[in-house]
Amino acid sequence: MSRDERYQELHKRLGALLDGEEDWVSAMATVACELHHAFERFHWTGFYRVTEPGVLRVGPYQGGHGCLEIPFERGVCGAAAREARVIRLDDVEQFQDHIACSSTTRSEIVVPILDTHGRVFAVLDVDSDHPAAFDEVDERELSSLAEHLGARYGSRAS
Ligand code: SME
């Protein structure tokens, strides 16, 4: 199955699983689980939430333990949240301020999740132990997922 096809299946499954689900934490937990198990190359898959201005705290995730708190000034997640843009790294060592929660991480993608006012309230972070694990299909599909989550849960997040 191609990456594209796998994402189409995933979107369908998530649509069914989250149908009628109002709770943001339950939604994040379900997305982290489904995404993590859909792709063998995803080794850490989860969310960081903006819990106060300029601060990200870890949310539901799958994989090894993640850093609990990341200020907006630090790391790939902080930069993606601060600049409200997707950051995709083929090689995490090329990003000077990368925070190595796991020494085996080689590549990473972080996608901001915006509420209906255009404010970042969370980021979706996926790390891989393989170099250049994420391509433009991942970027497009994870961005579309983030957009959907933002529109649906942006006013419920805390
Ligand atoms: N690598 C991230 C930190 C989060 S974890 O790896 C789970 C960063 O630099 O923001």
Side-chain angles (χ1 to χ4, degrees), residues 3 6-7 10-11 14 17-18 23-115 118-150 152-154 156-158:
R3 267 182 203 196
R6 209 170 274 258
Y7 273 110
L10 179 84
H11 290 316
L14 282 174
L17 285 166
L18 297 180
D23 186 81
W24 172 225
V25 175
S26 303
M28 285 189 284
T30 304
V31 170
C33 176
E34 286 296 320
L35 259 181
H36 192 74
H37 292 98
F39 298 99
E40 186 276 331
R41 65 201 153 90
F42 287 14
H43 296 119
W44 194 95
T45 312
F47 293 87
Y48 279 90
R49 304 154 298 128
V50 179
T51 51
E52 56 185 281
V55 176
L56 292 164
R57 288 199 72 76
V58 77
Y61 66 91
Q62 302 253 327
H65 87 92
C67 313
L68 274 72
E69 184 178 294
I70 301 178
F72 272 33
E73 301 80 45
R74 295 285 328 279
V76 188
C77 291
R82 190 173 69 235
E83 296 165 17
R85 67 178 178 99
V86 178
I87 301 183
R88 174 158 62 96
L89 298 173
D90 285 346
D91 175 1
V92 291
E93 283 175 18
Q94 297 297 304
F95 192 93
Q96 208 188 356
D97 191 29
H98 170 255
I99 301 168
C101 289
S102 159
S103 60
T104 54
T105 298
R106 289 287 163 268
S107 58
E108 172 163 10
I109 185 167
V110 183
V111 183
I113 306 178
L114 277 59
D115 65 19
R119 288 184 296 246
V120 176
F121 69 94
V123 299
L124 170 60
D125 179 18
V126 188
D127 296 356
S128 178
D129 291 351
H130 304 308
F134 309 103
D135 65 8
E136 57 288 346
V137 174
D138 296 296
E139 183 165 340
R140 187 187 67 224
E141 297 302 326
L142 295 176
S143 299
S144 138
L145 175 61
E147 210 173 298
H148 174 81
L149 293 172
R152 177 92 182 272
Y153 297 103
R156 292 189 183 86
S158 57

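Ligands are counted one by one from 1 in listed order, and the atoms in each one are counted from 1 as well.
- Using cut-offs of 30° and 60° on the angle between ring planes, the pair W44 and Y61 is parallel.
- Closer than 4.0 angstrom to ligand 1 sit non-hydrogen atoms from W44, Y48, I70, G75, V76, C77, H98, I99, C101, E108, D125, D127.
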Are D125 and V76 close enough, and set up right, to give a side-chain contact (heavy atoms from CB on, under 4.5 Å), and what steps lead you there?
-> CA-CA 9 Å; D125 179 18; V76 188; over 6 Å; no

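- Checked options H36, Q62, H37, E34; the residue passing with T45 is H36 (criterion: side-chain hydrogen bond (donor to acceptor under 3.5 Å, both in side chains)).
- If you take OH on Y153 and CG on D115, they are separated by 15.5 Å, rounding to the nearest 0.5 Å.
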Could you please spell out the steps behind the ring pair (Phe, Tyr, Trp, His ring centres under 6.0 Å) verdict for F72 and Y48?
-> CA-CA 11 Å; F72 272 33; Y48 279 90; over 10 Å; no

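- Partners of R106 according to the salt bridge (Lys or Arg N to Asp or Glu O under 4.0 Å) rule, which considers only residues two or more places apart in sequence or in another chain, do not exist here.
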